[in-house]
Amino acid sequence: MRNKHVIDLEDLSAKELIDIIQLSNEIQNHPKDYADACKGKILATLFYEPSTRTQMSFKTAMLRLGGSVIGFDNPQNSSVSKGESLKDTITVVGGYTDIIAIRHPLEGTAKAASMYSAAPVINAGDGGHLHPTQTLTDIVTLYNEKGSLENMTIGLCGDLKNGRTVHSLIKTMRHFKNNRFVLISTPELGVPQYIKDVMNSSDCKYVEVPSLIEAMPMLDVLYMTRIQRERFASEEEYEREKGVFVLDKEKLLSAKKDLKILHPLPRVDEITVEVDYDERAKYFIQTVYGMYARMALIKTMLDQDNRSVPPLINDTHNVKCSNPRCITAGESYLPKLFRSVGGDMLVCKYCDSRTLI
Ligand code: NCD
């Protein structure tokens, strides 16, 4: 792998992604051959935000590879509750372990952690920003259930603004030939600007539509998502958005016979339970693919023996990121890192938000 850490799936080339998908299938078909593949290695799972699938599949993945796991799923049980900085926690855990999976409510946290960790870091979800290992799960599912990662019309429905799984999936699928996105949401919950910038810069075709039923007949894949209640400023705003898009049996009447329905889970009320019994529903088998995908990723990263003490990184600009949910708002010692996109506009390298100079 060309990069030590996996913060964004852009850290992997298209070939590296295909290699991981193939290794994931190989492990699924011959699990005994990999039962000791990471023997003696330790994974840390640092979960500052709730999780069922991601945390448990990381843990199961490491245990099935013969490795061990340490970590926390509630930062209140760690020194974070005493006011310890992310830098200090990561410096210490990076010294104890061989690989770290981190989830945090602030955007850009995994990138910040990677700047202080001797061990490689995997982003297990950073606020409403990115979720690369869910995308790995999604592409292993699509590769196996559709037979290809190309030439698809992919509908993404629900909370496209705060849904980090949506952002990572779009960023990744645009690298495979001839995929087109149908973005189904209310105007308030459309994809953020940096995802539009990414699609526009790659000539990727997309349309934004307000109706699931109208989009249905053209879709090869439907990626349903939960309205991300915890990311709303107020309960009233959430109440306005919830329940707008619900996939049920009737809506599937006009869908293609070979449609694949994915969902990162957890589901709240956006897919009715009867849909679980439709053969096009793939969201539970998706979780199984996810465990093998994480096994393949962990093994690939550990095979590289890429421990290194991180160098000091200096500010690129003397400007504060304007995003209040960026990790730089919570951890003030972090260097201010931006890339220029022309004019007076800078893009934060942690959270991808735009800031005016
Ligand atoms: C997703 C997440 O945490 O972003 N869940 C997951 O990791 N499988 C989606 C969600 O919480 O809605």
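Indexing begins at 1, ligand by ligand and atom by atom, following the structure's order.
Judged by the shortest distance from any of its heavy atoms, G125 lies outside the 4.0 Å radius around the atoms of ligand 1. Residue contacts with ligand 1 include R103, since one or more of its heavy atoms lies under 4.0 Å from the ligand.
For ligand 1, one of its N or O atoms has an N or O atom of R226 under 3.5 Å away. The shortest N/O to N/O separation between P264 and ligand 1 falls below 3.5 Å. Checked against a 3.5 angstrom limit, the closest N/O atoms of Q134 and ligand 1 fall inside it.
With hydrophobic clusters built from ILVMFWY side chains whose heavy atoms lie under 4.5 angstrom apart, F245 shares a cluster with M218.
Residues that satisfy the side chain to side chain donor-acceptor pair (under 3.5 Å) test with R339, not counting sequence neighbours, are D352. Under the rule for a ring-ring contact (aromatic ring centres under 6.0 Å, His included), the partners of H317 that lie at least two apart in sequence or sit in another chain are F338.
For the pair R103 and F47, the cation-pi test (distance below 6.0 Å, angle within 45°) is failed.
The one candidate from K205, M152, E208, M173 that meets the side-chain contact (heavy atoms from CB on, under 4.5 Å) condition with F181 is M173.
When heavy-atom distances to ligand 1 are checked against a 4.0 Å cut-off, L265 comes that close only through its backbone atoms N, CA, C and O.
Of all the atoms in ligand 1, the ones that sit under 4.0 Å from a non-hydrogen atom of H131 are 2 (C), 4 (O), 6 (C), 7 (O). Near Q228, the atoms of ligand 1 lying under 4.0 angstrom from a non-hydrogen atom of the residue are 10 (C), 12 (O).
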Applying ring pair (Phe, Tyr, Trp, His ring centres under 6.0 Å) to H263 and F284, what does each step give before you reach the verdict? CA-CA 9 Å; H263 190 310; F284 287 115; 9.3 Å; no
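In this structure, the protein non-hydrogen atom closest to atom 3 (O) of ligand 1 is R164 NH2, 2.9 Å.
To the nearest 0.5 Å, atom CG of residue D126 and atom CZ of residue R164 are 7.5 Å apart.
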